[in-house]
Amino acid sequence: MPQEWWERFFSGLWLDVQRELRADRTPAEADFIEQVLRLRPGAAVLDVPCGEGRLTLELAARGYQMTGVDITEAVLAEARQKAAGRGLQIAWHRRDMRDLPWKEAFAGAFCVWTSFGYFDDAGNEAFLRAVSAALRPGARFLLEFQALAETLLPRFQERSWGPVGDVLVLEERRYDHARSRVDVEWTFVRGGRIEKKSSSIRVYTYRELCELLARVGFAEFEAYGSLEGEPFRLGQRLYLVAAKTAG
Ligand SMILES: C[S@@+](CC[C@H](N)C(=O)[O-])C[C@H]1O[C@@H](n2cnc3c(N)ncnc32)[C@H](O)[C@@H]1O
């Protein structure tokens, strides 16, 4: 059976690129998450998908009761090892983000680094519905999304390349307006090692995203364009915060 792109992508040289790209941002992102989710000390918080747990670990170290969900065993193994090394108690779950088992269990949740839009429209909605169900009424959710139409399209580049640490990364992008998806062919090169991968992400407009979130029980949208809390503007990445409605 053919695998989905997201079952193949998160491995190999990408993992080194991922560590290099976000490590410096992690403490500032954790500060932002604490603030916009209005977390009380020791609150139960869901990180989905959590990857190697860079934010799960950081927030657990700040005293929150963290749960991390991801589908890729290799990244979860790394996360578990880091947690053990730092003596942190974290609940790690290997599962599909569209299928979360919790009901009103969390005081906050977040999905960061464009970890949304991987599926078809029904799948993307199923994920947001599962997050909504997992949150207590009034709890807040942060979605960081760079495949927003207002972010991506004003400065769309068909091709870009450059070094990330010691890996050379080439991205060849195609925007398919009929499917509203950005399809990317990636090439990673380190020394003589070359890896090719593909990704495909649904591009939503801001309004589509809010309508989708409203359909699954969110309201009170706040749109930020940076970790400093600037209001979102065209071309910036989006940090969208929403609260789960009471009813
Ligand atoms: C770009 S990484 C971001 C990880 C983390 N949010 C961070 O900021 O470091 C995206 C993650 O999504 C996970 N993922 C992809 N498809 C998934 C699925 N269907 N269910 C759960 N996790 C998934 C991948 O394994 C990967 O760790």
Side-chain angles (χ1 to χ4, degrees), residues 4-11 14-26 28-30 32-33 36 46-56 68-72 75 96-98 109-121 123-128 130-131 141-158 160 162 164 169-176 179-186 188 197-210 212-213 221-227 232-242:
E4 302 284 350
W5 73 264
W6 43 266
E7 293 175 273
R8 288 189 310 264
F9 190 85
F10 300 98
S11 62
W14 162 260
L15 294 180
D16 294 332
V17 170
Q18 174 170 304
R19 282 181 207 119
E20 189 73 33
L21 278 177
R22 279 280 163 126
D24 289 354
R25 289 175 65 86
T26 302
E29 279 178 307
F32 183 75
I33 289 168
V36 296
L46 175 65
D47 178 1
V48 57
C50 63
E52 290 181 346
R54 56 189 190 88
L55 285 162
T56 341
V69 171
D70 205 283
I71 202 157
T72 306
V75 299
D96 193 295
M97 60 204 274
R98 291 165 290 185
F110 58 92
C111 171
V112 303
W113 199 357
T114 310
S115 303
F116 174 72
Y118 293 178
F119 316 115
D120 61 14
D121 287 6
N124 294 331
E125 180 164 340
F127 164 60
L128 295 179
V131 171
F141 173 51
L142 167 67
L143 180 66
E144 183 216 336
F145 193 53
Q146 292 176 63
L148 190 79
E150 291 88 339
T151 304
L152 187 75
L153 300 181
R155 45 169 134 165
F156 191 78
Q157 281 183 291
E158 291 193 333
S160 63
V164 179
V169 181
L170 167 68
E171 292 179 56
E172 292 166 291
R173 306 181 186 88
R174 198 172 76 88
Y175 177 63
D176 180 345
R179 292 159 54 241
S180 295
R181 293 189 82 93
V182 59
D183 299 319
V184 185
E185 297 302 320
W186 300 74
F188 303 98
K197 300 264 179 71
S198 310
S199 64
S200 174
I201 298 192
R202 169 71 152 91
V203 175
Y204 287 93
T205 64
Y206 179 75
R207 180 175 166 167
E208 275 183 307
L209 209 48
C210 291
L212 187 50
L213 284 159
F221 303 109
E222 293 166 16
Y224 300 99
S226 71
L227 293 176
F232 173 77
R233 280 182 290 106
L234 202 64
Q236 288 181 312
R237 79 178 66 186
L238 173 70
Y239 297 87
L240 179 58
V241 182

Atom of [X], atom of [Y] and distance for their closest heavy-atom approach:
X: R54; Y: T26; result: NH1-OG1, 2.8 Å
X: L234; Y: P154; result: CG-CG, 4.0 Å
X: A223; Y: L238; result: CB-CD1, 3.8 Å
X: F9; Y: S198; result: CD1-O, 3.6 Å
X: R8; Y: K197; result: O-CE, 3.4 Å
X: R181; Y: S200; result: NE-OG, 2.7 Å

Decide yes or no for [X] and [Y]: does some side-chain heavy atom of the first lie under 4.5 Å from some side-chain heavy atom of the second?
X: F10; Y: D70; result: no
X: F110; Y: V36; result: no
X: R173; Y: L152; result: no
X: E144; Y: L227; result: no
X: L143; Y: V131; result: no
X: F156; Y: V182; result: yes
X: D96; Y: W6; result: yes
X: V164; Y: F188; result: no

For [X] and [Y], indicate whether the former's side chain and the latter's backbone hold a donor-acceptor pair under 3.5 Å.
X: E150; Y: Y206; result: yes
X: S115; Y: P49; result: no
X: R155; Y: G235; result: yes

Stepwise side-chain contact (heavy atoms from CB on, under 4.5 Å) check, L240 with L213: CA-CA 10 Å; L240 179 58; L213 284 159; 3.5 Å; yes
State the [atom1]-[atom2] distance between [X] and [Y], to the nearest 0.5 angstrom.
X: C111; Y: F145; atom1: SG; atom2: CZ; result: 9.0 Å
X: R202; Y: D120; atom1: CZ; atom2: CG; result: 10.0 Å
X: N124; Y: M97; atom1: CG; atom2: CE; result: 8.0 Å
X: L142; Y: D47; atom1: CG; atom2: CG; result: 10.0 Å
X: I33; Y: L55; atom1: CD1; atom2: CG; result: 4.5 Å

Pair Y204 + F116: ring centers closer than 6.0 Å: yes
Ring centre gap for Y118 and F127 strictly below 6.0 Å: no
Test side-chain contact (heavy atoms from CB on, under 4.5 Å) applied to W113 and E29, step by step: CA-CA 10 Å; W113 199 357; E29 279 178 307; 5.7 Å; no
Stepwise side-chain contact (heavy atoms from CB on, under 4.5 Å) test for S226 and F32: CA-CA 9 Å; S226 71; F32 183 75; over 6 Å; no
Neighbour count above 12 (heavy atom, 6.0 Å) for R179 CZ: yes
side-chain contact (heavy atoms from CB on, under 4.5 Å) between L128 and E125, worked out: CA-CA 5 Å; L128 295 179; E125 180 164 340; 5.8 Å; no
